[in-house]
Structures are given as C-alpha cells and as structure tokens.
Amino acid sequence: MKKILAIALVLVMCLSLVACGKDTASSTELSVCLASEPDTLDPALNSAVDGATMVSHLFSGLAKWAQDKDGKLVIVADAVKELVAGVANDDGTVTYTYTLRDGLKWSDGKDVTAGDFVFAWNRAASPALAADYNYMFDVVKGYAEMWETDASGEKFVNPDAKLAVEAVDAKTLKVTLNNAVAYWNELLAFPVYFPVREDVVKNEAWATSPETYVSNGAYTMASWEHDSLITLKKNENYVDADSVKLETLKCYLSDDANNMLTNFQKSDWLMIDDVPTNEMANLAKDYPDEYKVVGQIGTYYVNWNVNESILPKDSKLTGVEAEKAQAEIRAAIGLLFDRQYICDEIGQAGQVPAGSFVAMGMTEPDGSEFYKNAGTSDKFDGYYDAAAVKENYTAAIETLKKYYNWDGAKFTNFPSITYLYNTNDGHKAIGEYLAGALAPIGITMTLENQEWNTFLNTRKNGDYSVARNGWLADYNDPICFLDMWTTVSGNNDIQFGKGAHAKLKMYDLDLTALGYDVKVEDGTWAETYDVLIAKIKGETDNVKRYKMMHIAEDILMSTGCVVPLYYYTDVFMIDDSVEGFFCNPLGYKYFMYCTIAD
C-alpha cells in the first residue's frame with residue numbers, strides 16, 4: 001500500500017496547494033522558512049535543495065519548471081522564445097540554436113545577452129571553478145577536453161579548452177551536444193545552467209551580499225541578515241514581472257524544526273519546509289489541510305568514506321584485499337538496520353524502505369520501474385530484502401565474524417566510528433537508531449552534528465568516516481543518481497577514485513555484449529566506473545543505456561559505501577491562506593505566483 005501511494009504521489013508531483021484562510025502581514029508579502037543559512041547562492045556552486053529554491057527565484061535560465069492549465073508540471077521556455085528541437089549533424093553531434101526573448105534585463109538594468117550564457121556555462125563547467133555540478137555539462141561537446149589530464153591525472157592538458165557553446169549575436173545562442181540527450185530541456189532548467197555576468201562574478205564574494213548580487217530572475221536580493229533572514233523583492237526589470245504576484249518573499253533561516261513549527265502556529269511564517277518528527281502524527285490530524293506529504297524522487301542513505309579503514313588494528317590485509325574486505329563489511333553493516341522501523345517510527349511520512357540507490361519513481365523504456373529491476377534476485381526488489389530483518393541480521397553477523405573477534409555475544413575489536421549528520425531532529429533520531437542497532441554487537445558509533453554549511457564541506461572534503469546523506473533527482477533520468485560518483489564529480493562525497501582509492505585496481509567492466517569494445521579486468525575506478533558513465537551518456541539506444549545504468553548501480557552497490565535506508569517523501573506545512581504555490585519532485589518550492597487570501 002505504501003509503495004502504491006508513493007508512486008501515485010510522485011506521478012502527480014506537487015500540484016497547486018491550499019485555498020483560503022487568514023493573513024498576518026499583507027497580501028503581497030510572504031514569510032517562509034526553508035532551512036538554515038545556505039552554503040552559497042551562486043547558481044554554479046549551489047548543490048543544496050534550499051539554495052536551489054532561492055536561486056530559482058533569483059535567476060532565469062533558458063527553461064524553467066511551470067504548471068500547465070491542468071496543474072501538471074512541465075518544462076517550458078523561460079529566457080528563450082522557444083525550446084527548439086536539435087539538429088543532428090553528420091558526426092552524431094546535435095546542435096541547438098536558441099533565440100533570447102526581447103526585453104531580458106539584469107537586476108541592475110543591463111541587457112542579458114547570449115554571451116552571458118556562454119560565459120556562465122564555461123565557468124560552471126571549468127576545472128578552475130571545480131563546481132559540484134560541473135559534470136552536468138559533460139553532455140556538451142568540449143567538456144571532455146576541458147577535463148582531460150596527463151598521465152599523472154594532476155595536470156589539465158587543454159587549459160584553453162571551452163564548451164561548444166557560442167553567442168552568434170547578442171540574442172542568439174548556439175550549443176552542440178555530443179549526441180542526443182533525452183533530458184536536455186530538464187538540464188536547461190537546472191540552476192547550474194543559469195546565467196551569471198562576468199563583470200559581476202569577478203568579485204569572488206559577489207553572491208554573499210545584496211550590494212553585489214546581480215540576478216535576472218523574478219526577484220532581487222534586498223537584504224541578507226546572515227543566519228537570520230534573506231529578503232527577496234520583486235525584480236521590476238524581470239521580463240515577466242507582470243506575472244509575478246508576490247512582491248516580497250522573506251526567507252527566514254533556521255535548522256530548528258521546533259522553532260519552525262512555533263512560528264507557523266503563530267502565523268508568523270506561512271510555510272515551513274520541515275517539522276519535528278515527534279509531532280508528525282498530531283500535525284497530520286490537527287492540520288489536515290496544511291500538513292503536506294507529497295511525492296519526491298529521492299533516497300535517504302548512509303555513506304562511508306571509501307578511504308577510511310574499518311579493519312581491526314591487527315589486520316594484515318592491505319591494498320585491494322583490504323578494500324574487498326571492507327566492501328563486504330560495509331554491506332554487512334547495512335543489513336543490520338531495520339528500514340521499516342525507521343520509516344514507521346522515525347520518518348512517519350509514508351517513506352518506503354529502500355533496497356537500492358536509484359530512487360523509486362524512475363521508469364525504464366518499457367514502463368517498468370528501475371528500482372524493481374535492480375539487483376539479481378527474483379524474490380525481492382533491489383540488492384537485499386529490506387523486509388527480511390532477522391535473516392539479514394544473521395547473514396551480517398556471519399560475514400563480520402570473518403574479520404573481527406566474536407566472543408559469542410559481540411565483536412571485541414571493531415574500531416570505533418563516528419557518524420556525521422547535520423543539525424536536525426530527524427537526522428539525529430536516525431543516527432541514534434543506527435548507533436543503537438550496532439551497540440549490542442560491540443560496534444561503538446558516536447554521533448557528531450554540524451551546522452549545514454560546515455557539514456556539506458566536511459563531507460565534500462572527505463573529512464569523515466560515516467555520514468548521513470540524501471539525494472533527490474536532478475531530472476527524470478536514473479543517470480542523475482549515478483553520474484555523481486565519477487572521480488571528478490563535486491558530489492562524490494564517498495571519495496571514489498580519490499586518494500588511496502584512485503590506485504586500487506579491483507573493478508571489472510565488460511560491455512562487449514552490448515556492442516562495445518570495452519572489457520576491463522582489475523581496473524581502477526576511473527578505468528571502469530568513469531568509463532561506463534561516459535558510455536551511458538554517449539548512448540542513444542535507450543535499451544542499451546538502461547542496461548548500462550543497471551551495471552553502474554551494480555558496481556556502486558558492490559562497494560558497500562552506499563547504504564540506502566528509504567525513498568523520500570516531501571513533508572512541509574503551508575498555511576491555507578496561500579494560493580498559487582507549487583513544488584516539483586526535486587524538492588524545489590515556488591512562491592512567485594502566490595497570493596495570500598484575506
């Protein structure tokens with residue numbers, strides 16, 4: 001029943017919500033709380049959902065998410081007159097030529113030009129910026145040359161390489177892709193593809209203050225009281241300013257779900273993007289029209305740092321043999337957790353226990369669900385039976401006995417580990433459950449929480465052992481759950497292909513059955529996984545492409561570094577006086593068309 005409900009929610013996504021009610025400020029001002037202080041509001045550098053929501057109000061890309069007349073979510077043209085079809089070239093590449101709309105302006109009154117997009121895309125894709133989402137441009141011709149390195153892997157050999165994107169004139173943008181890409185229009189709606197202006201971003205601190213923040217979207221940044229409030233004001237220079245109904249959007253900054261709820265109940269904040277876990281059942285009952293649980297394509301998971309040793313101190317294993325053992329150990333520990341308990345007792349919002357990393361809601365070319373075809377068993381979906389708690393526990397203990405001393409009740413030489421999470425009652429509760437599940441068998445896991453900005457950078461830099469994580473789809477294709485784990489990806493928090501892991505020759509890849517001259521035995525991560533992702537992105541035959549994506553997930557899950565816990569739902573509260581609000585399955589919230597009823 002829960003699976004059916006979640007699938008239905010994903011299909012309808014977030015339609016217009018709420019009707020009529022009260023107002024506490026004015027019908028043109030809305031106070032909300034999405035999260036705490038954003039790590040960055042530079043569209044090229046942001047990698048968080050709350051930041052993406054704000055950036056989507058501040059910038060206008062070539063495409064955007066919108067609702068059609070029936071309330072269905074669609075990708076439509078934004079800064080361009082139309083989302084044109086690509087033209088296939090003789091060499092297999094595909095060229096798109098876009099015409100910018102008349103009247104496009106930056107918030108300081110200057111014209112938005114095709115050259116601004118050329119600059120922004122090359123900046124976001126560049127090794128110099130090293131943006132988390134640089135790899136989203138790897139479908140564009142020229143990206144591979146930008147990131148090509150010498151044999152040492154440390155020096156870029158084409159420092160002057162650029163993407164195949166050009167400004168034919170001030171209003172005409174031409175871009176060439178390596179091949180046809182089914183989700184190209186969705187990429188254009190993603191924040192990393194938004195424009196920025198070269199003279200503005202020369203100031204490295206440009207995105208931290210309203211005095212230097214120049215944007216081209218529905219809103220401008222009026223003020224930023226750090227760790228307190230970001231105020232957005234309607235951009236009168238925005239080409240579609242007449243359609244923007246909300247004059248002021250006040251984004252309060254907090255990671256305290258109890259504080260959010262208190263302010264919502266006082267009607268000070270009319271939308272909050274988090275609620276206390278222990279209040280969910282009561283809120284669903286007491287606020288049936290304002291407590292929302294909607295579909296989201298995403299996975300909540302635990303990830304290990306692949307370069308952190310978890311072998312006993314006296315282990316003689318080294319190199320490849322050590323990593324093979326640790327992959328088996330990590331996978332075994334993942335079997336010790338009762339995912340249904342986490343969903344029912346902690347999540348409490350219709351989450352579904354996860355048996356794979358690619359989330360529920362992604363479909364195959366034949367219409368079946370990707371996650372149901374993952375793994376090799378015909379008895380359950382995914383890589384393990386999430387419902388077989390007792391059987392999983394027994395199997396995990398037997399695996400761990402191969403590497404650690406067992407005294408009949410617990411392990412006596414498993415090294416202590418630290419679980420990192422960002423400040424949030426729900427994340428804390430899950431961490432406490434995980435630690436509690438491991439303690440009886442002699443594994444000590446201490447909890448460490450960090451505020452959001454610090455947490456993101458600690459995880460990104462690999463300065464941790466085990467951490468909480470979550471991933472929402474960037475667009476409607478399974479590859480967005482898989483390409484993040486390539487060596488150069490800024491979202492590769494596990495550190496695959498980096499540090500000591502870069503030199504380990506232990507992975508196999510055989511694509512000969514799919515017509516490729518690719519067969520690697522005992523290759524590095526870069527020689528196998530990175531190559532596989534590149535082949536997937538260059539393949540236009542969807543049947544082959546999806547088969548290769550399953551191979552990619554097989555390799556990923558074989559490392560044991562990803563421990564899926566559940567498939568997401570999106571839980572938030574919005575006052576019933578707010579009309580015109582919508583959200584998408586990526587977790588972005590849209591307020592520009594909101595009005596507040598009297």
Side-chain angles (χ1 to χ4, degrees), residues 38-47 51-52 54-64 78-80 96-143 145-147 156 158-176 187-221 224 232 235-239 490:
D39 185 43
T40 178
L41 290 182
D42 182 331
L45 294 175
N46 173 72
S47 60
M54 290 195 209
V55 167
S56 295
H57 287 74
L58 290 159
F59 287 87
S60 171
L62 299 191
K64 66 180 179 181
D78 192 5
V80 292
Y96 292 83
T97 303
Y98 298 99
T99 302
L100 299 187
R101 295 170 61 188
D102 296 332
L104 296 179
K105 298 284 186 181
W106 290 101
S107 54
D108 63 1
K110 292 186 178 181
D111 291 340
V112 176
T113 69
D116 294 328
F117 284 90
V118 173
F119 167 77
W121 292 7
N122 276 294
R123 171 180 179 261
S126 70
L129 189 66
D132 287 356
Y133 275 116
N134 72 78
Y135 61 90
M136 278 205 164
F137 291 91
D138 63 5
V139 298
V140 180
K141 185 179 179 182
Y143 174 89
E145 288 73 18
M146 294 174 73
W147 283 85
F156 295 102
N158 301 308
D160 298 324
K162 300 290 183 183
L163 297 175
V165 54
E166 62 175 306
V168 178
D169 54 44
K171 293 184 62 177
T172 307
L173 183 72
K174 180 186 290 187
V175 57
T176 299
L187 285 178
L188 294 179
F190 197 76
V192 76
Y193 275 81
F194 291 172
V196 294
R197 214 170 69 210
E198 185 172 9
D199 64 306
V200 172
V201 303
K202 281 182 178 178
N203 174 4
E204 293 185 358
W206 76 276
T208 62
S209 170
E211 286 73 26
T212 52
Y213 201 89
V214 177
S215 58
N216 73 322
Y219 291 87
T220 62
M221 185 190 297
W224 189 341
L232 307 184
N235 180 11
E236 297 302 333
N237 286 318
Y238 178 49
V239 67

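Values in this document were obtained by computation on a predicted structure and should not be read as measured data.
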Is [Y] close to [X] at the side-chain level, that is, under 4.5 Å between some pair of heavy atoms?
X	Y	value
Val200	Trp106	no
Tyr219	Tyr238	no
Asp108	Arg197	yes
Trp206	Val214	no
Tyr96	Val80	no
Trp224	Pro38	yes

Between [atom1] of [X] and [atom2] of [Y], what distance do you get to the nearest 0.5 Å?
X	Y	atom1	atom2	value
Glu166	Thr97	CD	OG1	8.5 Å
Asp78	Phe59	CG	CZ	12.5 Å
Asp116	Glu198	CG	CD	9.0 Å

Which atom pair, heavy atoms only, marks the closest approach of [X] to [Y]?
X	Y	answer
Leu187	Val139	CD1-CG2, 3.9 Å
Pro191	Val55	CB-CG1, 4.1 Å
Ala120	Val196	CB-N, 3.4 Å
His57	Leu232	CB-CD1, 4.1 Å
Phe194	Pro43	CB-CB, 4.1 Å
Ala161	Met146	O-CG, 3.6 Å

Does [X] use its side chain to pair, donor to acceptor, with the backbone of [Y] at less than 3.5 Å?
X	Y	value
Ser107	Ser215	yes
Asn235	Thr220	no
Tyr213	Leu58	no

ask   = With no hydrogens and no angle check, do the side chains of Asn46 and Tyr133 hold a donor and an acceptor under 3.5 Å apart?
value =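 Checked: Asn46/Tyr133 side chains show no N/O donor-acceptor pair below 3.5 Å.
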inquiry  = Is a donor from one side chain sitting under 3.5 angstrom from an acceptor on the other, for Trp147 and Asp138?
reply    =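 Note: Trp147 and Asp138 side chains miss the donor-acceptor criterion.
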key: Residue from Asn237, Asp111, Asn216 passing side-chain hydrogen bond (donor to acceptor under 3.5 Å, both in side chains) with Lys105   =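 Looking at Asn237, Asp111, Asn216, the match for Lys105 under the side-chain hydrogen bond (donor to acceptor under 3.5 Å, both in side chains) is Asp111.
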task = Kindly indicate, with the supporting measurements, whether the criterion side chain to side chain contact (heavy atoms under 4.5 Å, CB included) is fulfilled by Tyr98 and Leu62.
result = CA-CA 9 Å; Tyr98 298 99; Leu62 299 191; 4.0 Å; yes
key: Counterpart residues, salt bridge (Lys or Arg N to Asp or Glu O under 4.0 Å), relative to Asp169 (two or more places apart)   =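 By the salt bridge (Lys or Arg N to Asp or Glu O under 4.0 Å) rule, Asp169 matches no residue at all.
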ask   = Going through the distances and angles, do Asp42 and Arg123 end up as a side chain to side chain contact (heavy atoms under 4.5 Å, CB included)?
value = CA-CA 12 Å; Asp42 182 331; Arg123 171 180 179 261; 2.5 Å; yes
query = Which residues pass the side-chain contact (heavy atoms from CB on, under 4.5 Å) test with Ala205, sequence neighbours left out?
reply =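 Partners of Ala205 under the side-chain contact (heavy atoms from CB on, under 4.5 Å) test: Asn203, Thr208.
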key: Partner set under side-chain contact (heavy atoms from CB on, under 4.5 Å) for Val118, not counting sequence neighbours   =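 Result, side-chain contact (heavy atoms from CB on, under 4.5 Å) vs Val118: Asn122, Val165, Ala167, Leu173.
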ask   = Is the distance between the ring centroids of Tyr193 and Phe117 under 6.0 Å?
value =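 When the ring centroids of Tyr193 and Phe117 are compared, they turn out to be at least 6.0 Å apart.
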query = Around Lys64, counting heavy atoms of other residues, nucleotides and ligands shown, do more than 12 lie under 6.0 Å from its NZ?
reply =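 Counting neighbours around NZ of Lys64, more than 12 heavy atoms of other residues, nucleotides or ligands fall under 6.0 Å, so yes.
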